[in-house]
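A quick write-up on the structure given underneath.
Every chain is numbered from 1 and lettered A, B, ... according to where its sequence line falls, protein lines coming before strand lines.
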Number of protein chains: 2
Amino acid sequence: MQTANVGQDSNNTAPAPAHQQVYHQLRESILFGDFTPGQPVTIQGLVTELGAGMTPVREAIRRLTAEGALEFQGNRRVTVPELNAGNVDELIIAREALEPALAQRAAERATAEQIAALEATDLQLDRAIEHGDIPAYLRLNYEFHAQLYAIAAAPILTQIADGLWLRFGPSLRVVCGRMGTQNLPDRHKETIDAMRLGDVEKAREAIREDVIQGMVQIREALYPATA
Amino acid sequence: MQTANVGQDSNNTAPAPAHQQVYHQLRESILFGDFTPGQPVTIQGLVTELGAGMTPVREAIRRLTAEGALEFQGNRRVTVPELNAGNVDELIIAREALEPALAQRAAERATAEQIAALEATDLQLDRAIEHGDIPAYLRLNYEFHAQLYAIAAAPILTQIADGLWLRFGPSLRVVCGRMGTQNLPDRHKETIDAMRLGDVEKAREAIREDVIQGMVQIREALYPATA
DNA sequence: CAGGAAAAAATTTGATCATATTCTTGGCGG
DNA sequence: CCGCCAAGAATATGATCAAATTTTTTCCTG
């Protein structure tokens, strides 16, 4: 959400608390596919791997568990969730409901600069797709939507939508790994055009299609049999 | 979500971890109005009040912060969030999007027993409204919706919808305290009737109206000026 | 004698606590 | 009125205890 100074402390600002740093690191790892669905996540493993204390790691894990990015396995174990077909359907419902609302608000508020920045991200995204650079694709695709959220200026809706990315991030990574980046069309250009023209309804619809298209692709890749 | 054994350990089962117990206690306190919007929540206060250790309390707070039930004030302070008019609007959007979807799924799946249980809850709710029993009203109103979520069998959507209750719970309490329970009509009867008849669309619409009605009432009570 | 299931020991991991450290804040003196 | 200092609260650490998993051992059966 807020861009806290995750790194070293600049001149006067205090460094971010360790638990926040750990949280952000873990979050990125989950979002951009350093973890695979089903993978166990151990506290002690992270403690040694990140060189952090036990308490910050525990807190970061709790936070991510609450966001649905990790799953409490009952027996004190925590794993990266594996999505079943029903879960994907739920995510489709949720994203189809939320993202168009955010896009609409963004279209109503966007300045020319913000739209330009959006387009810049999308161009980088195109390049990543051309090069088949999956990590860059995942990052920039998320970045595009995150920029849209920021423009929408709706903190609660944004937090919820962001949480959804955490849920399907690991699976998206798997799907991309299988299919490459070529067959991943989006509706970003249409969205940007609509925003330039101030056509709120069209922007809303473009994002709706973008989201559904992407989610259905995940579902088809993971569960081809299911209708 | 899952009904862990929060209390003493029954014969063979291990007692729930302290951090979960603390989480559930805090959660209830927030949901049913033991905390008021803006109220600061201190770790040490909870440690002494609940007689729990510091680590479990910290973890519970982190979890509730991630769910939006508490707010990180930046300077290490945590408070119960105060909703502004825009926040309420966002909550309306989110609930209007999610609850009908859940109601639809519930209507598609409900057994006669489940509908009967729903009706029983609603009758208790009516009694609480008659008696002006605000705590009971808050509890049973939530219970009604929670039962609906359970029937819908959609864990992700349920978790998100549940999180929304945590966000407006404290404010709902304030509104009820101001207006009493009399002027709080709902569409529960219509919902139950529609479910009995298997009229999925009507159930969806009834819940949609129920939710909007309730949320608009909160908005009007807190921010009368705003359209 | 080999294979395998059950039991027991060992190791790994999670939960909690007491304590030290760091940061914020409110009051006091300049 | 501004800056410094002390009190209090939050953060972080490492130790300790408990639970779960894994490995080893044992014993029985074919």
Side-chain angles (χ1 to χ4, degrees), chain A residues 1-2 4-27 29-30 35 38-66 69-81, chain B residues 1-2 4-27 35 38-66 69-81:
Chain A
M1 232 51 45
Q2 64 237 12
N5 56 336
V6 168
Q8 294 73 17
D9 49 342
S10 54
N11 252 336
N12 52 6
T13 321
H19 67 86
Q20 276 190 28
Q21 295 187 38
V22 173
Y23 167 77
H24 284 292
Q25 284 183 53
L26 256 182
R27 186 176 199 282
S29 295
I30 294 168
F35 291 116
Q39 175 176 340
V41 173
T42 72
I43 292 176
Q44 310 223 350
L46 293 174
V47 166
T48 59
E49 185 183 335
L50 302 179
M54 187 168 275
T55 312
V57 169
R58 285 177 70 71
E59 293 186 28
I61 286 181
R62 291 281 173 266
R63 206 171 149 187
L64 288 162
T65 303
L70 297 175
E71 198 173 35
F72 218 65
Q73 211 64 20
N75 302 346
R76 298 173 155 204
R77 290 289 150 90
V78 173
T79 64
V80 178
Chain B
M1 227 53 47
Q2 64 239 14
N5 55 336
V6 168
Q8 294 72 18
D9 48 342
S10 55
N11 253 335
N12 53 6
T13 322
H19 66 85
Q20 276 190 27
Q21 294 187 38
V22 173
Y23 167 78
H24 284 291
Q25 284 184 53
L26 256 181
R27 185 175 199 281
F35 291 115
Q39 175 177 341
V41 174
T42 72
I43 292 177
Q44 305 231 345
L46 293 175
V47 166
T48 60
E49 186 183 333
L50 302 179
M54 187 168 276
T55 312
V57 169
R58 284 174 70 71
E59 293 186 29
I61 287 180
R62 290 281 174 266
R63 205 170 149 188
L64 287 161
T65 304
L70 296 175
E71 199 173 34
F72 219 64
Q73 213 64 21
N75 301 346
R76 295 175 157 205
R77 293 285 153 89
V78 173
T79 64
V80 179

Notebook entry, point to check: Between B:A69 and B:P81, what is the shortest heavy-atom contact and its length?
Noted result: O-CD, 3.2 Å
Check: Do the non-hydrogen side-chain atoms of A:V80 and A:E71 ever get within less than 4.5 Å of each other?
Finding: no
Next item on the list: Report the residues that fulfil side chain to side chain contact (heavy atoms under 4.5 Å, CB included) with A:T42, sequence neighbours left out, ordered by chain and then residue number.
Entry: none
Show the atom names and distances, to 0.1 Å, of all donor-acceptor pairs under 3.5 Å that link a side chain in residues 45-53 of chain A to residues at least two apart or in another chain.
{"unit_1": "A:T48", "atom_1": "OG1", "unit_2": "A:Q44", "atom_2": "O", "d": "3.3"}
{"unit_1": "A:T48", "atom_1": "OG1", "unit_2": "A:G45", "atom_2": "O", "d": "2.9"}

Next item on the list: Report the stems of DNA chain C as range-with-range entries sorted by first number; a stem here is at least three consecutive pairs, Watson-Crick or G-U wobble, both distances under 3.5 Å, and write none if there are none.
Entry: C:1-30 with D:1-30
Notebook entry, point to check: Which pair of heavy atoms, one from B:R58 and one from B:I43, lies closest together, and at what distance?
Noted result: NH1-CD1, 3.4 Å
Notebook entry, point to check: Hey, are the side chains of A:I61 and A:Y23 touching, using non-hydrogen atoms and a 4.5 Å cut-off?
Noted result: no
Item checked: Listed partners of B:R62 passing side chain to side chain donor-acceptor pair (under 3.5 Å), at least two apart -> A:H19, A:E59
Checklist line | Protein-to-nucleotide contact annotation, 5' to 3' order, nucleotides 3-10 of chain D [B base; S sugar-phosphate only; - none; under 4.0 Å, heavy atom] | finding: -------B
Check: Between A:Y23 (OH) and D:dT11 (C1'), how many Å, whole number?
Finding: 19 Å
Notebook entry, point to check: Between B:H19 (NE2) and C:dC17 (C1'), how many Å, whole number?
Noted result: 14 Å
Next item on the list: Could you pull out all residues at least two apart from A:Q73 that satisfy side chain to side chain donor-acceptor pair (under 3.5 Å)?
Entry: A:T79
